[in-house]
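Note sheet for the following structure.
These values consider heavy atoms only, across backbone and side chains, with no hydrogens, waters or symmetry-generated copies. Order of the sequence lines sets the chain letters (A, B, ...), proteins ahead of strands, with each chain counted from 1.
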Amino acid sequence: MIAELGLAALWLAAALAGLQLLGGIAVLRDGEALLGQMVRPAAQLQAVLCALSFAALLYLFAVTDLSVALVAGNSHSAKPAIFKLAGAWGNHEGSMLLWVSVMALAGGLIAAVERRLPERTLSATLAAQAWVGLGFYAFLLLSSNPFARLDPAPPEGTGLNPLLQDIGLALHPPVLYLGYVGLSVAFSFAVGAMLTREVTPAFARVMRPWVLGAWVALTLGITAGSYWAYYELGWGGWWFWDPVENASLMPWLAATALLHSAGVLAARDALRTWTLMLGVVAFSMSMIGTFLVRSGILTSVHAFAVDPERGTFILALLALYIGGALALFALRAGTVLEGERFAPVSREGGLVINNVALSAILGIVLLGTLYPLLTEALGFRVSVGPPYFNPVGAIFFLPAMAMLAVGPLLRWRRDTLARIRWQVLAIAAAFGAALLAAVLAGIALLPLLGMALAAAVALGSVLPLVRRRLRHAPLTLWGTVLAHLGVAVAVFGMSADSAFTAERLVALRVGEETSVGPWRVILANVEPVAGPNWTALSARLAVSYSGAEPTLIHPQARSFWAPAQQTSESALLTRWNGQLYAVMGGQAAGEDAGRWQLRLWWKPFVTCIWYGGGLIALGGLLALVGHLATDLRRWRRGRA
Amino acid sequence: MKGWRLWLPLLGIALLLGLFALQLARPKDEFVRSALVGQPLPAFALEAQVPGKHGLANTDFADGRARLLNVFASWCVPCAAEAPQLAALRAGGAEIVAVAIRDKPSDVAAFLDAYGDPFTRIGADPYSQLQIALGSSGVPETFVIDGQGIIRHQHIGDIRARDVPLLLEQLAEAGE
């Protein structure tokens with residue numbers, strides 16, 4: 001019964017999305033049309049129905065209703081409650097329903113509260129949202145119904161992949177989805193504005209919170225994903241340029257550029273076409289990322305559900321949405337006036353350089369991700385990795401960092417470097433001092449530049465706070481400062497990781513000792529351990545930092561059998577100045593027989609990478625709260 | 001911006017989508033191959049598991065003859081279930097060597113007494129070391145190894161009656 005209700009609610013929501021689209025078109029053709037008055041109510045009702053549908057799915061998973069095919073295929077009555085619920089979106093159909101539900105809720109919210117845009121533009125925006133939503137509804141209702149019944153119902157479900165029964169992985173997809181959906185809202189605003197040619201500061205201010213929210217979610221998702229790969233995969237690296245990683249990085253780069261560009265449009269009425277273009281590109285990147293991950297056309301170290309048929313469906317949606325929006329852009333961008341002029345040396349000028357650099361990095365990542373596909377079409381296989389991405393990306397990363405240090409100090413419209421002479425000199429001094437220190441420490445070129453730039457950016461990001469009364473500085477300024485500081489912290493962590501990491505690969509007998517960096521490591525014992533669905537060899541290592549009391553850590557080599565998979569449970573020991581990372585290998589053979597292979601890393605300040613990511617997200621959150629508070633104040637004043 | 005340049009993004013995405021469509025239309029190799037098939041056996045030397053029968057080392061496979069390598073344990077129920085099929089393979093002319101996983105000599109001896117002993121050698125792997133190195137995820141599992149010590153085929157799970165001719169065929173191919 002509940003499943004049928006959920007399906008009915010989904011059909012009705014889809015019908016309302018159709019009504020919303022038609023209403024929007026009617027408004028564009030004839031502003032007074034009766035159908036046009038349906039747009040806002042349709043969006044709100046659609047949100048309610050779609051939420052009901054998703055709630056029905058959650059309920060079916062919560063009670064493990066095995067007569068529903070999706071539940072039987074992805075759950076089990078003996079699973080812990082939290083993973084039963086996570087099972088609702090830990091699969092293709094459920095995650096699509098989650099996507100469309102969040103999108104519908106966003107549309108309903110816009111319809112309920114947004115009063116700043118001209119009614120025509122808002123209707124066009126909601127129509128664009130319905131247009132995107134309809135594709136996903138069609139996908140769900142025609143090819144992947146989450147509520148399909150099984151007859152007869154099986155006595156027990158087949159469960160969830162044991163590797164996915166991890167709280168991090170249960171929460172990771174919804175967080176990334178919030179990011180993608182937020183960008184779909186920004187896309188709809190861009191399409192709406194292009195349709196009515198109303199590319200105004202008000203449009204940018206309305207779009208900005210959605211972009212900020214999406215950007216915070218993407219930042220958190222990428223940071224968490226990077227840390228997960230680092231501790232789970234056991235190879236000691238934090239970024240692999242894997243297609244799945246790139247799929248989340250590309251929308252993040254586009255969203256970062258969009259955020260800054262929308263900021264210029266909101267404050268200064270400039271960069272109109274850039275903002276439109278980036279609004280389209282950011283969502284396109286999340287769709288292309290989803291497509292690459294879901295269709296299985298790229299091979300990745302991450303195991304993912306591969307389904308060419310679904311890939312074809314998403315490809316059709318891609319062509320419809322991205323192609324449609326870009327065609328609209330080509331038709332309309334010429335008629336959108338460029339907006340206010342500004343001098344090359346100005347806050348706007350700095351942001352343009354930042355935008356160009358981010359777009360260039362995005363292009364480089366996109367090219368590198370798709371290059372294997374391109375060559376495969378020509379008949380040979382290659383894989384593209386760090387040797388391409390690192391140096392080529394650095395070409396644009398370094399000027400972007402320099403801009404990040406100086407840009408926030410510049411004034412809007414027109415400025416001179418002479419006015420901020422002292423600040424620029426201080427930043428240059430920080431850069432020079434860090435460079436000198438790095439040269440003396442004998443660090444390789446790229447990490448050396450990275451560390452010096454991190455120092456310069458760190459100083460540059462806090463300078464805007466100088467001589468301000470800190471308690472009166474707006475939240476948005478704090479947000480900018482923290483986010484930029486986070487970039488400096490993360491870049492410092494990345495550079496420190498590649499410059500200072502000490503690595504040791506040894507084969508030890510039980511009782512023997514070795515050292516890595518300042519650590520002394522004794523192999524105390526090796527014993528087999530059995531888990532619920534795996535067996536493992538577990539080492540007991542007594543480790544001590546520069547002669548301090550030893551601590552025990554336990555790296556394991558695990559083998560799962562359903563599905564068959566080997567994993568290394570690395571052991572991490574975190575100190576304020578870095579992490580000790582231990583991985584258990586096999587038993588050595590030949591003349592070393594009886595010894596156990598251990599891979600040990602001492603990674604000074606590696607944790608800064610993820611602290612930096614957290615700081616960036618926190619900065620975004622503060623800015624979001626700041627903007628929302630300002631909007632609320634304006635709205636109250638307008639009503640009073 | 002000049003008018004024609006505004007169409008470039010659309011052109012770019014059209015090319016990209018065309019490439020995606022091309023790739024989707026291409027038939028995929030659905031068969032999942034173990035990463036180790038086609039690779040030489042890792043170097044190992046296992047002690048004998050039961051008295052009176054040799055242990056096992058990777059050097060034993062370098063004599064030009066193809067063999068089956070069976071991974072089993074006395075505590076494993078499907079291993080007992082596949083015993084008749086191993087006997088059939090032996091009768092079909094296959095040489096079978098074995099690795100016993102996390103086992104005691106007395107248990108293995110009792111197992112062989114109860115279910116028959118088709119093995120020419122049995123190596124002891126008390127910590128599952130070789131098993132992990134082989135990329136084997138459970139017991140039983142059977143590998144076809146050619147005369148140069150290269151893994152040619154991996155059979156996961158117990159051997160059923162219908163698998164016997166297939167394995168003999170694989171073995172004959174590996175011996176060529």
Applying a strict 4.5 Å limit to non-hydrogen atoms, the region of B:Leu130 in contact with chain A is neither
If one checks every heavy atom of B:Ile13 against chain A at 4.5 Å, the contacting part turns out to be side chain
Checking B:Arg90, B:Lys53, B:His54 against B:Thr120 for side-chain contact (heavy atoms from CB on, under 4.5 Å), the one that qualifies is B:Arg90
Exercise: do B:Gln49 and B:Asp125 side chains pair donor with acceptor under 3.5 Å: no
Salt-bridge criterion met for B:Arg65 and B:Glu95 (N-O under 4.0 Å): yes
Looking only at A:Leu331, A:Leu315, A:Leu318, A:Val280, most heavy-atom pairs under 4.5 Å shared with chain B are made by A:Leu315
Among A:Ser284, A:Ala327, A:Ala325, the residue with the most heavy-atom pairs under 4.5 Å to chain B is A:Ala327
*Between the side chain of B:Asp60 and the main-chain N/O of B:Ala57, is any donor-acceptor distance below 3.5 Å?*
yes
